Amino acid sequence: QQQVKQSPQSLIVQKGGISIINCAYENTAFDYFPWYQQFPGKGPALLIAIRPDVSEKKEGRFTISFNKSAKQFSLHIMDSQPGDSATYFCAASMKNTGFQKLVFGTGTRLLVSP
Amino acid sequence: NAGVMQNPRHLVRRRGQEARLRCSPMKGHSHVYWYRQLPEEGLKFMVYLQKENIIDESGMPKERFSAEFPKEGPSILRIQQVVRGDSAAYFCASTRGVDEKLFFGSGTQLSVL
């Protein structure tokens with residue numbers, strides 16, 4: 001019940017295309033859903049996050065779509081660029097155990113081809 | 001403003017030795033989290049500390065692992081009598097407050113021979 005399932009494991013997108021990564025969770029107590037971007041040899045960096053009171057959040061080329069009834073959320077990267085090539089992790093947490101006690105998905109390795 | 005500093009970046013230990021991983025949080029941050037990342041897996045929460053206090057260690061193995069965050073100096077994650085299964089990347093993260101943005105360090109890659 002504490003798992004966050006992430007797909008696909010890897011993704012190849014052409015420059016200018018849309019990258020879509022999906023996550024699903026079981027625990028309805030989760031109420032904070034961040035996405036992290038990790039480059040090789042670096043720690044994860046917060047990209048964008050959403051709370052369940054909204055269905056979509058957009059920051060620049062990055063959009064989170066959230067479906068509370070389906071217990072799913074996804075990251076869309078519009079106009080994907082080679083510099084977006086990295087591993088992306090979805091995560092979830094809940095207020096009563098602390099928002100930073102995160103349960104991470106297994107990651108998606110994104111390659112944006114020039 | 002330097003980010004979260006972890007050292008060493010790489011640590012090689014033989015089975016049975018001790019590993020000590022250090023983490024200096026960002027300036028002004030008093031909350032520290034440790035996560036472990038196994039190959040091809042996501043990060044797993046280990047422990048949450050504030051200055052001189054362990055707040056939540058529910059993700060840390062009961063034996064051989066310990067963590068501290070003293071009043072002065074870095075947070076330390078200590079693994080005694082390491083085994084091959086301890087080989088992983090260990091990430092430290094810090095935040096100013098409980099609900100504020102989490103900043104990760106670049107990690108310590110532990111290899112156990």
Side-chain angles (χ1 to χ4, degrees), chain A residues 1-11 21-25 27 29-51 53 57 59 73 75 86-110, chain B residues 2-10 21 23-26 29-50 53-60 67 69 75 77 88-109:
Chain A
Q1 196 180 19
Q2 283 292 93
Q3 280 186 323
V4 177
K5 294 183 179 179
Q6 183 172 348
S7 63
Q9 193 172 11
S10 62
L11 182 61
I21 305 171
N22 301 299
C23 284
Y25 63 97
N27 189 346
F30 285 143
D31 51 11
Y32 176 66
F33 302 91
W35 284 88
Y36 282 82
Q37 180 187 55
Q38 185 180 28
F39 292 105
K42 299 292 186 183
L46 179 65
L47 195 60
I48 187 172
I50 197 168
R51 300 283 167 97
D53 52 342
K57 183 174 182 180
E59 289 184 3
F73 58 111
L75 176 69
T87 299
Y88 292 81
F89 293 96
C90 61
S93 63
M94 61 188 92
K95 184 168 185 174
N96 65 358
T97 57
F99 283 124
Q100 310 303 1
K101 184 180 177 181
L102 295 161
V103 177
F104 281 86
T106 50
T108 296
R109 193 170 295 179
L110 171 65
Chain B
V4 178
M5 303 300 292
Q6 289 189 248
N7 66 82
R9 288 299 309 275
H10 301 276
L21 289 63
C23 168
S24 295
M26 287 181 68
H29 288 194
S30 59
H31 301 252
V32 165
Y33 297 76
W34 285 93
Y35 283 81
R36 174 165 67 174
Q37 184 175 31
L38 294 169
E40 305 302 321
E41 291 188 19
L43 287 79
K44 298 269 194 285
F45 168 81
M46 298 183 74
V47 62
Y48 162 37
L49 310 102
Q50 294 180 24
N53 289 304
I54 297 175
I55 307 300
D56 183 343
E57 57 182 349
S58 59
M60 201 154 67
F69 188 18
S75 175
L77 179 67
Y90 291 82
F91 288 95
C92 168
S94 74
T95 181
R96 189 186 307 273
V98 174
D99 292 344
E100 298 204 24
K101 185 176 177 179
L102 196 62
F103 292 86
F104 280 85
S106 294
T108 293
Q109 181 65 51

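In what follows, chains are A, B, ... by sequence order, proteins preceding strands, each numbered from 1. What you see below is based on every heavy atom in this structure, not just the backbone, and it leaves out hydrogens, waters and symmetry mates. Small disclaimer: the values here were computed from a predicted structure and weren't measured.
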Original post:
Could you give the distance from OH (B:Tyr35) to CG (A:Leu102), rounded to the nearest 0.5 Å?
Top reply: 4.0 Å

Original post:
Between atom OG1 of B:Thr95 and atom CD of A:Gln100, what is the distance when rounded to the nearest 0.5 Å?
Top reply: 5.0 Å

Subject >> All ring pair (Phe, Tyr, Trp, His ring centres under 6.0 Å) counterparts of A:Phe89, not counting sequence neighbours >> reply: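 Ring pair (Phe, Tyr, Trp, His ring centres under 6.0 Å) list for A:Phe89, sorted by chain: empty.
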
Subject >> Residues forming a ring pair (Phe, Tyr, Trp, His ring centres under 6.0 Å) with A:Tyr36, sequence neighbours excluded >> reply: A:Phe104, B:Phe104

Tell me if the [atom1] atom of [X] is crowded by more than 12 foreign heavy atoms within 6.0 Å.
X	atom1	result
B:Lys44	NZ	yes
B:Met5	CE	no
A:Gln9	CD	no

**OP:** Let me know if B:Gln37 has heavy atoms under 4.5 Å from chain A in its side chain, its backbone, both or neither.
**Re:** side chain

**OP:** Measure B:Tyr48 against the heavy atoms of chain A and call it side chain, backbone, both or neither at under 4.5 Å.
**Re:** neither

Original post:
Picking from A:Gly41, A:Gly107, A:Gly105, which has the most non-hydrogen pairs under 4.5 angstrom with chain B?
Top reply: A:Gly41

Original post:
So, for A:Lys42 and B:Phe91, which heavy atoms are closest and what is the spacing to 0.1 Å?
Top reply: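 Shortest heavy-atom contact: O-CE2, 3.8 Å.
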
Original post:
Which one, B:Asp56, B:Ile55, B:Val4, leads in non-hydrogen pairs under 4.5 Å with chain A?
Top reply: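 Of B:Asp56, B:Ile55, B:Val4, B:Asp56 has the most heavy-atom pairs under 4.5 Å with chain A.
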
Original post:
Non-hydrogen atoms of chain B under 4.5 Å away: do they reach the side chain of A:Gln38, the backbone, both or neither?
Top reply: side chain

